[in-house]
Amino acid sequence: MDTSVALNSLIQHLSCSNCGRTYSAFEPQTLSVCCSLPLAAAYDLSVNLSKHELVQREATMWRYREFLPVQHDEHIVSLGEGFTPILSLKNLANKYNLNKLLLKDEGQNPTGSFKARGLSMAISMAKQFGVEGCIIPTAGNAGVAMAAYCAKAGMRAVVVMPRHTPEAFKEECYWYGAEVVLVDGLINDCAAKAKELNAAGNLLDVSTLKEPYRLEGKKTMGYEIAEQLQWSLPDVILYPAGGGTGLIGIWKAFKELLALGWLDEDIKLPRMIAVQAANCQPLVETFFSRQPNAHRYHGKPTIANGLAVPRPIGEQMMLQVLQESYGTAIGITEEEMITGMQELGKQEGLFVAPEGAAIWMATRKMLQSGSIAASDSILLLNTGSGQKYMANVAGQYNYQKEA
Ligand SMILES: *Cc1c(COP(=O)(O)O)cnc(C)c1O
Ligand SMILES: [Zn+2]
């Protein structure tokens, strides 16, 4: 690449998200030994690097090479993930009299969801560490993404998903040559099964936040939002939160960009809104103090498969983002998601995942309640394409009344 700057990783170490104790970033890690909580990567952000260097770089998430953990380029396992477009939803903005309504379309990633970012990073790091195979408990999209990146890396892939997951997710894993294990229950039951299957420890478990690098892939959404909006930021970002890597990652990115001096030091950071499925809303319950934490929360399945995460290990980290950003959490019903899918389809030509529909419906509700103003600039983070969810929503457009 034609640039004066050395394009290598500036990673320094990992640190415990709870107590800050540091760990090596140059050997495989899982949860912190001190607190059994997620580790987060830290970089040398005092580097003298201009954001204008980015202009000439490739249109993938790897354009932020210095702030990603992979040591050597030969270990990068890429299918072209990231640098997805930010679309202006003018028709909906007109309909609801909104000043600015944007949607970052993560459905355009390889394998149809933003999980591609995290798994590209995790599998690249697995390759760096010489791992021969990976295992993942998943609600669907993460498993498909892992299967694809493992195929590209020549690694064995074992995907553990709920039996009720739409066929399209399972099928795609088979096409990538993965082994698929079906479990009765939700993702936490899959996690227990994965642990059992991997008792000998031959496979790397790339569960959400149990390995530190999916977060680094997901954080590139925050870098992109800033860069694509010419280093300004929206007033509010709505994100469909399951395990929460995107929410935590985007906020981490904004902090790194501030430390780098790439964002104006007195910029107003966006309010971060975590949107969940009413069928499984552990974060909403904890945020509004209806439970001390999600450790005993029981969720029901939802057509937004990615949101069926009853006991997220990153709960504290998510709550901290909501608190620091003056954000909130909100639950959306199954019926509302169908309405949202239909409205985004008909008005904007976007066939989004139910998770993406949920954030649009959350916007509508928050506009109505006054927690979002029509004058706010609003960014919806649509995390996936609707294609693989067809079985969940088949026929619904027939009898749903006009949104
Ligand atoms: C996994 C997933 C989510 C939730 O992402 P987290 O990082 O677990 O919060 C949201 N939407 C879709 C489409 C997903 O696949
Ligand atoms: Zn700790």
Side-chain angles (χ1 to χ4, degrees), residues 17-18 28-33 35-39 113 115 118-119 121-123 125-126 131 133-147 149-150 155-166 169-170 173 178-215 217-218 240-249 276-277 279-283 285-286 293-302 304-318 355:
S17 58
N18 188 46
Q29 304 282 3
T30 59
L31 295 174
S32 70
V33 178
C35 305
S36 289
L37 283 170
L39 293 169
S113 86
K115 292 295 196 305
L119 273 307
M121 195 65 64
I123 301 309
M125 291 304 283
V131 165
C134 294
I135 187 167
I136 192 168
T138 174
N141 278 317
V144 175
M146 191 195 83
Y149 288 96
C150 281
M155 279 178 207
R156 185 179 162 208
V158 181
V159 177
V160 189
M161 66 170 83
R163 196 177 301 281
H164 66 255
T165 311
F169 291 94
K170 303 169 193 163
C173 289
E179 299 154 55
V180 178
V181 179
L182 301 177
V183 170
D184 295 307
L186 294 182
I187 193 167
N188 51 311
D189 304 297
C190 296
K193 183 69 182 176
K195 204 168 167 186
E196 180 193 315
L197 289 170
N198 194 32
N202 298 328
L203 300 164
L204 178 71
D205 184 337
V206 294
S207 300
T208 300
L209 293 170
K210 281 189 189 157
E211 68 80 50
Y213 302 111
R214 282 172 63 183
L215 179 60
K218 292 267 188 91
T245 31
L247 184 78
I248 299 161
Q276 300 206 292
N279 275 3
C280 189
Q281 51 171 27
L283 199 65
E285 296 302 311
T286 308
N293 55 50
H295 295 180
R296 287 155 172 263
Y297 185 84
H298 284 277
K300 285 185 289 197
T302 157
N305 299 76
L307 303 186
V309 185
R311 295 166 207 170
I313 188 158
E315 182 180 31
Q316 274 311 318
M317 297 168 87
M318 284 195 271
E355 291 86 337

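In this structure, the side chain of Thr165 does not engage the main chain of Gly140 through any donor-acceptor pair within 3.5 Å. The backbone N or O of Pro240 lies less than 3.5 Å from no partner atom in the side chain of Glu355, so there is not a single donor-acceptor pair. Between the side chain of Ser32 and the backbone N or O of Leu37, at least one donor-acceptor pair lies under 3.5 Å.
Residues that satisfy the ring-ring contact (aromatic ring centres under 6.0 Å, His included) test with Phe169, not counting sequence neighbours, are Tyr389. With sequence neighbours left out, the side-chain contact (heavy atoms from CB on, under 4.5 Å) criterion links Pro282 to Gln276, Cys280, Gln291, Ala294, Tyr297, Pro312. The side-chain contact (heavy atoms from CB on, under 4.5 Å) test applied to His164 returns Pro162, Leu186, Pro301, Asn305, not counting sequence neighbours. Considering only residues two or more places apart in sequence or on other chains, Gln29 meets the side-chain contact (heavy atoms from CB on, under 4.5 Å) condition with Leu14, Tyr23, Ser24, Glu27, Leu39, Pro212.
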Kindly determine whether Asp184 and Asp189 satisfy side-chain contact (heavy atoms from CB on, under 4.5 Å), including the steps that lead there. CA-CA 8 Å; Asp184 295 307; Asp189 304 297; over 6 Å; no

Step-by-step side-chain contact (heavy atoms from CB on, under 4.5 Å) determination, Val144 to Cys173: CA-CA 5 Å; Val144 175; Cys173 289; 4.0 Å; yes

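Residue pairs meeting the side chain to side chain donor-acceptor pair (under 3.5 Å) criterion with at least one partner in residues 198-208, sequence neighbours excluded, are Asp205-Ser207, Thr208-Arg214. Sequence neighbours left out, the pairs with a member in residues 194-204 that pass salt bridge (Lys or Arg N to Asp or Glu O under 4.0 Å) are Lys193-Glu196.
Put simply, the side chain of Arg156 reaches to within 4.5 Å of the side chain of Glu179, judged on heavy atoms. Between Asn18 and Gln316 there is no side-chain heavy-atom pair separated by less than 4.5 Å.
Residues Val206 and Leu119 come closest through the heavy atom pair CG2-CD1, 4.0 Å. Nearest heavy-atom pair, Lys170 versus Leu182, reported as atom, atom and distance to 0.1 Å: CE-CD2, 3.8 Å.
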